[in-house]
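Quick caveat: nothing in here was measured; it's all calculated off a predicted structure. Each chain gets a letter, A, B and so on, in the order the sequences are listed, and its residues count up from 1.
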2 protein chains.
Amino acid sequence: MLRIGEVAARAGVSVRALRYYEEQGLLEAERTPSGQRRYPESAVGRVRFVQQLYAAGLTSRDVLEVLPCVHTGVATPAMLARLAEQRDGIDRQIAELTAARERLAEIIRIGEQYVPGGHGPSEEAVDACRPAASRPAAEALRPVG
Amino acid sequence: MLRIGEVAARAGVSVRALRYYEEQGLLEAERTPSGQRRYPESAVGRVRFVQQLYAAGLTSRDVLEVLPCVHTGVATPAMLARLAEQRDGIDRQIAELTAARERLAEIIRIGEQYVPGGHGPSEEAVDACRPAASRPAAEALRPVG
DNA sequence: CTAGGACCTGACGTTGACGTCAGGGTCAAG
DNA sequence: CTTGACCCTGACGTCAACGTCAGGTCCTAG
């Protein structure tokens with residue numbers, strides 16, 4: 001059985017975070033007679049999983065909805081629906097991130113092309129800043145006005 | 001020239017958000033003699049771009065660091081470095097999201113497999129909750145304790 | 001037995017991106 | 001000329017996931 005500090009260190013989070021997770025019902029702990037928390041090794045993996053879901057934009061409540069699969073080992077249809085919903089949400093996020101990434105990457109490509117020479121503003125660079133959908137407009141993201 | 005309400009509607013954000021962007025230096029506006037804001041069409045695209053970067057986890061300050069490419073049309077080496085940094089951050093996020101997504105997807109697959117029958121907890125379902133790295137441990141994410 | 005590092009429970013502070021309310025101008029239509 | 005939708009500037013409220021501080025307990029090495 002691990003003490004809270006050990007779990008925190010192994011999972012790469014703060015002690016405060018673990019107490020917060022308990023508060024939110026995401027992580028239980030046994031208690032010693034004196035009231036100190038004791039965790040099984042499994043807690044480390046669980047904390048990492050929670051962190052992963054947080055990173056995916058889920059809230060504590062979302063995670064709480066999704067975690068029961070852990071206890072029952074099997075999902076109800078309603079839970080499956082929620083799981084699928086969260087998965088789809090993540091898919092949407094990935095799509096958005098990919099779009100944003102591409103946009104930055106294009107700005108970088110064009111920037112790298114023009115910086116060496118060091119000459120003035122390039123239409124292409126400005127162009128890269130515009131949303132793909134409105135490229136023809138040739139206006140977006142240039143100095144407003 | 002668009003009024004603030006129109007820009008907000010077209011970009012799918014609140015009027016308050018636009019005023020906030022101005023406060024953060026992310027979006028300028030001309031003013032009518034009476035002090036009302038007027039935006040060019042380009043503002044809509046710009047707002048969408050800012051939203052996209054927010055969705056990618058950038059803060060207002062991050063966006064502010066990245067936006068100047070818009071004004072100069074070309075990036076300084078320092079700016080290119082920041083852009084690359086943000087792009088790499090997004091890449092890391094995408095990787096994490098993909099991992100989280102896969103984990104949820106696996107839970108769903110196994111859940112779908114066992115729910116129809118409606119019998120008890122399945123080891124596989126529990127297994128899917130564990131981090132791939134610690135699969136051999138066969139402990140993580142089961143009822144803690 | 002004692003020092004000090006780890007742990008405990010409140011409970012208030014923080015940060016970012018807005019929401020919301022108060023109190024008051026603006027302006028096209030009827 | 002008045003009504004009602006839209007706009008303005010403060011300025012305080014919100015929510016999540018913790019950070020941090022206070023004041024006290026536990027426990028392990030020396």
S.K.: With respect to the phosphate group of C:dC27, does any side-chain polar atom (N or O) of B:Ser34 fall under 4.0 Å of OP1 or OP2?
M.R.: yes
S.K.: Of B:Arg3 and B:Tyr54, whose nearest nucleotide on DNA chain C comes first from the 5' end?
M.R.: B:Tyr54
S.K.: Hey, is the side chain of A:Arg19 pairing donor to acceptor with the base of C:dT9 inside 3.5 Å?
M.R.: no
S.K.: Taking the nucleotide of DNA chain C with the nearest heavy atom to each, does B:Leu58 or B:Thr32 sit closer to the 5' end?
M.R.: B:Leu58
S.K.: Just to confirm, is there a sub-4.0 Å distance from OP1 or OP2 of C:dA17 to any side-chain nitrogen or oxygen of B:Tyr21?
M.R.: no
S.K.: Can you work out whether A:Arg61 or B:Gly5 has the more 5'-proximal nearest nucleotide on DNA chain D?
M.R.: B:Gly5
S.K.: If I take atom CG in residue A:Leu27 and atom P in nucleotide D:dA17, what distance separates them, rounded to the nearest angstrom?
M.R.: 15 Å
S.K.: Tell me: CD of B:Gln24 to P of C:dC18, nearest whole Å?
M.R.: 10 Å
S.K.: Whole angstroms only, please: what is the CG-C1' distance between B:Leu26 and C:dC18?
M.R.: 13 Å
S.K.: Consider the side chain of B:Ser60, meaning its heavy atoms from C-beta on, and name the nucleotide among D:dT20, C:dA17, D:dC6 that approaches it most closely.
M.R.: C:dA17
S.K.: Between C:dC8, C:dC18, D:dC18, which one does the side chain of B:Ser14 approach most closely?
M.R.: C:dC18
S.K.: Taking CD from A:Glu6 and P from C:dC7, how many angstroms apart are they, rounded to a whole number?
M.R.: 8 Å
S.K.: Enter the distance from B:Glu96:CD to B:Asp91:CG here, rounded to the nearest 0.5 Å.
M.R.: 12.0 Å
S.K.: Just verifying a value: how many Å separate A:Tyr21 OH and A:Arg16 CZ, rounded to the nearest 0.5 Å?
M.R.: 11.0 Å
S.K.: As a test of reading the structure: which of C:dA17, D:dA11, C:dT9 is closest to the side chain of B:Arg16, going by heavy atoms?
M.R.: D:dA11
S.K.: Using whole Å, what does the distance between atom P of nucleotide D:dC7 and atom CG of B:Leu18 come to?
M.R.: 10 Å
S.K.: Looking at every non-hydrogen atom in both residues, tell me the closest pair between B:Leu67 and B:Leu26 and how far apart they are.
M.R.: CD1-O, 3.7 Å
S.K.: So, is B:Arg31 near the phosphate of C:dT26, with a side-chain N or O under 4.0 Å from OP1 or OP2?
M.R.: no
S.K.: Around A:Arg31, counting heavy atoms of other residues, nucleotides and ligands shown, do more than 12 lie under 6.0 Å from its CZ?
M.R.: yes
S.K.: Would you mind telling me which of D:dA17, C:dC8, D:dC6 lies closest to the side-chain atoms of A:Tyr20?
M.R.: D:dA17
S.K.: In whole Å, I'd like the distance from the CG atom of A:Asp62 to the C1' atom of D:dA16.
M.R.: 12 Å
S.K.: Can you spot which of A:Val47, A:Leu27, A:Val44 makes a side-chain contact (heavy atoms from CB on, under 4.5 Å) with A:Tyr39?
M.R.: A:Leu27
S.K.: Can you tell me the distance, in whole Å, between the CD1 atom of B:Ile4 and the P atom of C:dT26?
M.R.: 17 Å
S.K.: Could you give the CD-to-C1' distance, from B:Glu23 to D:dC8, as a whole number of Å?
M.R.: 14 Å
